[in-house]
Amino acid sequence: MANGTKGFLSLINTTVGRKILAAVTGIFLVLFVLAHLGGNMTIWGGPDWINAYGEHLHRLPVLLWPARIALLGILMIHVYLGVTLALENARAGQGKYAVVRRLKATFSGRTMIWTGLFLLLFLALHIPHFSLRLMPGTIVTEDGLGRLDIYSMIVGELRRYPFAVFYFISVLVLFFHAGHGVQSLFQTLGLANDRTLPRLGLAAKILSAILFIGYASIPILVTLAILK
């Protein structure tokens with residue numbers, strides 16, 4: 001344990017180490033966002049599918065809460081590293097985010113720190129709203145089988161136009177942040193070079209597009225009354 005702590009501190013005390021840790025924590029967060037998308041997509045199957053999915057998750061509190069706590073820790077480390085690296089680069093006059101020089105200064109790259117902080121704000125509202133159901137006025141009911149009616153909660157909340165717009169904007173921000181972030185982590189971990197970078201960049205764009213289409217489809221389908 002002591003060696004592990006010492007190794008972590010040695011990494012976080014160097015710029016290269018902080019970039020590597022930011023990339024590794026980013027990988028875990030991308031995997032979570034993909035897994036969460038898979039769960040959310042059960043709403044396409046109607047109330048029974050997503051309510052059954054939610055019921056299955058909540059029958060495993062021994063796994064669910066440790067996973068949530070671990071993800072929260074990973075998120076906090078990633079945010080800290082992102083902000084730290086952004087400030088270091090700003091002081092050094094190298095840009096606004098820790099990107100490898102070969103990556104073009106795209107809009108996504110220049111705004112990584114801001115899109116990251118926006119997503120943090122979204123999570124600060126989204127988790128109490130849907131996961132913990134602490135927001136006043138949140139629709140909390142049971143379906144005919146006595147399960148939490150997640151379907152009615154999601155559809156009912158997204159019928160509120162301001163919230164649907166905020167959710168859609170947040171998904172758009174995720175598209176930009178994930179697209180550039182995934183491409184950056186490939187290079188940070190030494191997985192990209194001049195030959196493979198274009199292909200890895202395309203893969204990052206495809207992944208971010210999948211996330212955008214999947215998550216954005218929910219408020220769009222609710223707004224169009226396809227999900228009702």
Side-chain angles (χ1 to χ4, degrees), residues 25-26 28-80 82 114-175 177-178 208 210-228:
T25 53
F28 279 104
L29 294 174
V30 168
L31 291 175
F32 167 74
V33 170
L34 281 169
H36 189 59
L37 175 61
N40 281 9
M41 289 302 90
T42 59
I43 198 172
W44 289 3
D48 188 60
W49 280 33
I50 194 165
N51 291 349
Y53 166 72
E55 177 73 7
H56 179 71
L57 281 183
H58 286 90
R59 284 180 179 174
L60 302 170
V62 175
L63 298 177
L64 183 60
W65 279 102
R68 284 175 170 174
I69 293 170
L71 281 167
L72 179 61
I74 291 171
L75 175 65
M76 291 299 99
I77 292 172
H78 188 75
V79 170
Y80 168 77
W114 303 113
T115 55
L117 292 175
F118 185 92
L119 291 173
L120 186 63
L121 170 64
F122 171 74
L123 288 175
L125 297 173
H126 183 70
I127 292 174
H129 191 180
F130 282 110
S131 297
L132 303 178
R133 300 176 294 282
L134 298 176
M135 291 281 192
T138 301
I139 299 169
V140 181
T141 59
E142 293 184 350
D143 65 10
L145 298 176
R147 301 172 300 193
L148 175 66
D149 196 344
I150 299 174
Y151 184 91
S152 294
M153 179 174 63
I154 292 175
V155 171
E157 296 300 307
L158 288 177
R159 280 178 180 160
R160 301 176 183 178
Y161 185 72
F163 182 74
V165 170
F166 176 65
Y167 187 95
F168 183 86
I169 292 173
S170 300
V171 173
L172 184 61
V173 170
L174 175 65
F175 168 78
H177 192 83
S208 60
I210 290 172
L211 293 174
F212 174 73
I213 293 170
Y215 280 112
S217 68
I218 300 174
I220 291 173
L221 291 177
V222 171
T223 301
L224 295 176
I226 295 173
L227 293 176
K228 56 185 178 180

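All figures in this text were calculated on a predicted structure; none of them were measured in a lab. In what follows, residues are counted from 1 in the order of the sequence shown.
Leu211 and Ala178 make their closest contact through CD1-CB, 4.1 Å (heavy atoms, listed as atom of the first residue, atom of the second, distance). Closest approach of Pro219 to Ala164, counting heavy atoms only: CB-O, 4.2 Å. The two residues Thr42 and Trp49 come nearest to each other via the heavy atoms O-CB, 3.3 Å.
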Next item on the list: Apply the test side-chain contact (heavy atoms from CB on, under 4.5 Å) to residues Arg147 and Asp48: give CA-CA distance (whole Å), side-chain angles for both, the deciding distance (0.1 Å), then the verdict.
Entry: CA-CA 10 Å; Arg147 301 172 300 193; Asp48 188 60; 2.8 Å; yes
Margin query: Does Ile218 form a side-chain contact (heavy atoms from CB on, under 4.5 Å) with Met41? I'd like the steps, not just the answer.
Written below: CA-CA 8 Å; Ile218 300 174; Met41 289 302 90; 3.9 Å; yes
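The side-chain heavy atoms of Trp44 and Leu221, taken from C-beta on, include a pair separated by under 4.5 Å. The side-chain heavy atoms of Tyr167 and Tyr215, taken from C-beta on, include a pair separated by under 4.5 Å. Leu148 is not listed as a side-chain neighbour of Asn51, based on a closest heavy-atom distance of 4.5 Å or more. Inter-residue side-chain proximity for Phe168 and Ile220 is flagged as met; some heavy-atom pair is nearer than 4.5 Å.
Classified by interplanar angle (parallel below 30°, tilted 30° to 60°, perpendicular above 60°), the ring pair Phe163/Phe166 is tilted.
Remark: Ile77 CD1 to Leu29 CG distance equals 10.0 Å, nearest 0.5 Å. Atom CD1 in Ile213 sits 10.5 Å away from atom CG in Leu37 (nearest 0.5 Å). Between atom NZ of residue Lys228 and atom OG of residue Ser152 there is a gap of 14.0 Å, rounded to the nearest 0.5 Å. Within the model, atoms CD1 of Ile50 and CD1 of Ile150 stand 5.5 Å from one another, a figure rounded to the nearest 0.5 Å. Note that the OG1 atom of Thr25 and the NE2 atom of His78 stand 5.0 Å from one another [nearest 0.5 Å]. A distance of 10.0 Å separates CG of Leu72 from CD1 of Ile74, quoted to the nearest 0.5 Å.
Side chain of Ser217 to main chain of Gly214: a donor-acceptor pair is present (N/O by atom type, distance under 3.5 Å, no hydrogens or angles).
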In a table with atom names and distances, give each donor-acceptor pair under 3.5 Å that connects a side chain of residues 52-67 to protein atoms at least two apart or in another chain.
from: Glu55; atom 1: OE2; to: Arg59; atom 2: NE; distance (Å): 3.4
from: His58; atom 1: ND1; to: Gly54; atom 2: O; distance (Å): 2.8

N/O donor-acceptor pairs under 3.5 Å from side chains in residues 117-138, not counting sequence neighbours:
from: His129; atom 1: NE2; to: Glu157; atom 2: OE1; distance (Å): 2.7
from: Arg133; atom 1: NH1; to: Ser131; atom 2: O; distance (Å): 3.2
from: Thr138; atom 1: OG1; to: Met135; atom 2: O; distance (Å): 2.7

